Amino acid sequence: MSNSKVVIIGGGVSGLTAAWELTRRGHEVMLLERRDVLGGLARSTRLNGKFMEVYYHFICGGDRHLIELVDELGLADKLHWQPGLTSYFVGDRLYPFSTAGDLLRFSPISMLSRIRLGLHGLRCRRMTDWQQIEHLTAEDWLVASVGSEAYEVVWKPLLEVKFGRYYQRISAPWIWHRLHRFSRSRRSALRPERFGYLQGGSHTLLMALSDEIAAQGGVIRTGLEATSLAFAGEQIAGVRTTEGYLEADAVVAAVPLPELVTMLPTDSPYRHELAAIDFSNVGCVRLALRRCLTDSFWVNINSPRVPFNGLVEYSNLNPWRDYGGSEILYVPFYLHPDDQRWQWSEAHFIEATIAGLNVVEPEFDESWVVEATVSRDWYAQAICPPHFSKQIPTLHAPVRGLFVLDSTQLYPADRNLSGMIGLARSLARMMGEDDGAPSPRLHPHTAAKRK
Ligand SMILES: Cc1cc2nc3c(=O)[nH]c(=O)nc-3n(C[C@H](O)[C@H](O)[C@H](O)COP(=O)(O)OP(=O)(O)OC[C@H]3O[C@@H](n4cnc5c(N)ncnc54)[C@H](O)[C@@H]3O)c2cc1C
């Protein structure tokens, strides 16, 4: 395909990266974003006149697609690396959990369990053949590997952070990959992991991308929603939007799968295939505080008195204190749409967060809070059961000219910015190479390897 008219639906990092790559290859690109701001899950709002992400974002040492893109966009001097301390709040105490020494001193579990946890971490670092555990749930695999005690105290809360009441459905490879990815941010077991952040947050990257797209002649329309796809026989023909019809030779759907489902004809088998994948939503409280609560970047929480399973003290990673002196703390609530907490009002989310933080740090009270915001997104996290790799959609949909970018395609990796950048770049290369016809079951991993 060359010099085609391409409509990209979705102005998150994947849609923007695809738009940049395709404009550079000479395509006529129009990107549609429903919101008034770009960025999707990596979007920002203003705090004290500066942009601050609505959800925390950190970068791991192995995030090579993001690091390469940052370099290509001339932003390398804005990427900083910093040790990020982790701790666990168990019962009523905070325990450091960043190094091998911290693990050996982690008294909520027996010495035998601590040793099993450590050995399992080392095995995961070396292991690459995740297919051998695809039939297992994370719970079964972890209990067999580290024992029930370490699972209950250490791993279960982590799974609950992401999957709420559906944590028992999650596949073993998903949790394996998370361990594997994080271990690549660690230089030695004696030192904490190092994480990266961009000065100005993801906003810095997203704005540089949108400037480049405009400079190459691409068009970005915010506040414009795609409502359905139009087909001519087996070929994509265009996109219907809230402001009319757009003709297209190719369409890239860079939106969560359930959004794509609503754009497909109701009798399409492809629609039914995609609709079988279940997602959780996310609600996240972002607090600007007068002071930090802990010295950790990441705090896992295992306490019946705290109504959430983790908190992220972003200021302990990114010391770039240009938010009017405030310290930034996030508390995520991943909630399935059938969880009644998803219906909570903003005030309710903030109240529950403040009450929970007061348990973690009894000195903390409302007077520490300078500003509180609540952000919500539908379909933020796919629920990936055993054998999930057989369910995920390919980059090229089974319709001529329709392409799909979605975080599920990163499996067994969790959603992440770098992975989506890598997929978007693979897709643009693939669109340049082929004639627009669907390549039967071309798996995203295969496409990435064809680089
Ligand atoms: C709480 C949280 C923390 C995270 N932390 C990290 C982290 O630390 N590190 C990391 O690498 N990743 C992190 N992520 C993941 C990262 O944010 C995502 O992987 C990435 O932003 C996904 O980008 P995307 O472009 O694929 O999709 P999205 O960001 O979901 O973008 C899709 C876009 O499509 C738009 N859209 C939807 N429907 C339509 C329509 N009909 N018409 C027009 N537009 C439409 C949406 O408004 C949205 O802007 C985190 C995510 C969350 C929720």
Side-chain angles (χ1 to χ4, degrees), residues 7-19 30-44 53-60 62-63 65-67 69 84 161-162 178 181-182 185 195-198 201-203 205-206 209 220-229 239-243 246 251-264 279-286 297-298 308 310-312 314 317-318 330-335 375-382 404-410 413-424 427:
V7 173
I8 297 179
I9 310 171
V13 72
S14 62
L16 287 167
T17 307
M30 178 177 261
L31 181 145
L32 317 180
E33 167 52 50
R34 177 163 67 189
R35 284 197 177 87
D36 291 332
V37 290
L38 293 172
L41 294 175
R43 68 189 181 279
S44 296
E53 284 156 293
V54 299
Y55 305 120
Y56 47 90
H57 281 83
F58 60 91
I59 299 161
C60 286
D63 287 352
H65 299 296
L66 184 144
I67 295 166
L69 181 63
V161 170
K162 270 299 182 75
R178 206 175 153 85
R181 177 171 177 243
F182 276 49
S185 290
F195 297 117
Y197 65 90
L198 276 168
S202 301
H203 184 75
L205 175 69
L206 298 165
L209 268 176
I220 296 179
R221 284 288 318 273
T222 52
L224 183 54
E225 178 172 349
T227 51
S228 64
L229 300 177
V239 178
R240 295 184 195 91
T241 78
T242 39
E243 289 181 18
L246 295 169
V251 171
V252 177
V255 296
L257 295 180
E259 301 282 4
L260 172 58
V261 163
T262 64
M263 293 181 225
L264 292 166
F279 281 77
S280 273
N281 303 336
V282 70
C284 187
V285 178
R286 184 185 69 190
F297 163 56
W298 193 282
F308 43 85
L311 64 91
V312 178
Y314 186 68
L317 176 71
N318 180 347
Y330 295 91
V331 174
F333 293 79
Y334 284 91
L335 302 169
S375 302
R376 299 182 210 229
D377 271 78
W378 283 81
Y379 319 126
Q381 177 71 49
V404 176
L405 285 172
D406 179 75
S407 296
T408 52
Q409 295 166 328
L410 300 175
D414 192 12
R415 344 132 300 186
N416 67 87
L417 297 169
S418 183
M420 292 316 294
I421 291 166
L423 278 185
L427 176 64

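Every number for a ligand or one of its atoms is a count from 1 in the order of the listing. Values in this document were obtained by computation on a predicted structure and should not be read as measured data. Position 1 is the first residue of the sequence; numbering continues from there.
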Nearest protein heavy atom to atom 23 (O) of ligand 1, by residue and atom, and its distance? V13 CG1, 3.6 Å
Could you list the atoms of ligand 1 found under 4.0 angstrom from a heavy atom of L32? 43 (C), 44 (N)
Check D406 with R415, please: is the shortest side-chain N to carboxylate O separation under 4.0 Å? no
Note: L206 and G39 closest approach over all heavy atoms is CD1-CA, 3.6 Å
The protein heavy atom nearest to atom 10 (C) of ligand 1 is L417 N, 3.6 Å
Is the shortest side-chain N to carboxylate O distance from R35 to D377 below 4.0 Å? yes
Work out whether the distance between some heavy atom of A254 and some atom of ligand 1 is less than 4.0 Å. yes
Would you tell me which option among D414, L41, D406 has the nearest heavy-atom contact to atom 18 (C) of ligand 1? L41
Using 30° and 60° as the class boundaries, would you call the ring planes of F297 and F195 parallel, tilted or perpendicular? tilted
What is the nearest protein non-hydrogen atom to atom 42 (N) of ligand 1, stated with its residue, atom name and distance? A226 N, 3.0 Å
Please identify which atoms of ligand 1 are closer than 4.0 Å to at least one heavy atom of S14. 24 (P), 25 (O), 26 (O)
Identity and separation of the nearest protein heavy atom to atom 5 (N) of ligand 1: Y56 O, 2.9 Å
Distance to 0.1 Å, residue and atom name: give those for the protein heavy atom nearest to atom 31 (O) of ligand 1. G12 CA, 3.6 Å
Among the heavy atoms of M263, does any lie under 4.0 Å from an atom of ligand 1? yes
Of the listed options (M420, E33, R34), which comes nearest to atom 46 (C) of ligand 1 when hydrogens are ignored and any heavy atom counts? E33
N/O separation below 3.5 Å, F58 to ligand 1: yes
Write out the residue and atom name of the closest protein heavy atom to atom 34 (O) of ligand 1, then the distance separating them to 0.1 Å. G10 CA, 3.2 Å
Test side-chain contact (heavy atoms from CB on, under 4.5 Å) applied to I220 and L32, I8, L38, L209, the passing residue: L38
Salt bridge or not between R286 and E53? Use side-chain N to carboxylate O under 4.0 Å. no
Indicate the atoms forming the closest heavy-atom contact of T408 with A382, along with that distance. CG2-CB, 3.5 Å
Among non-hydrogen protein atoms, atom 52 (C) of ligand 1 lies closest to R415 NH1, 3.3 Å
Within-shell test, L405 vs ligand 1, heavy atom, strictly < 4.0 Å: no
Determine whether M420 and H65 make a side-chain contact, defined as any pair of heavy atoms from C-beta on separated by less than 4.5 Å. no
Could you report the tightest heavy-atom contact between G310 and V331, atom names first, then the distance? O-CG1, 4.0 Å
Closest non-hydrogen atoms of M263 and T227, given as atom of the first, atom of the second and distance, are CG-O, 3.7 Å
Should you measure from each heavy atom of I9, which atoms of ligand 1 turn up under 4.0 Å away? 40 (C), 42 (N), 43 (C)
Closest non-hydrogen atoms of S14 and L405, given as atom of the first, atom of the second and distance, are O-CD1, 3.8 Å
With a 4.0 Å cut-off on heavy atoms, does L224 reach ligand 1? yes
May I ask you to check whether Y314 and Y56 place their ring centers less than 6.0 Å from one another? no
Applying a strict 4.0 Å limit to heavy atoms, is Y334 in contact with ligand 1? yes
Can you pull out the closest protein heavy atom to atom 13 (C) of ligand 1? Residue, atom name and distance to 0.1 Å, please. H57 CD2, 3.3 Å
Need the ligand 1 atom indices (1-based, order shown) with element for anything under 4.0 Å from a heavy-atom of G40. 29 (O), 31 (O), 48 (C), 49 (O)
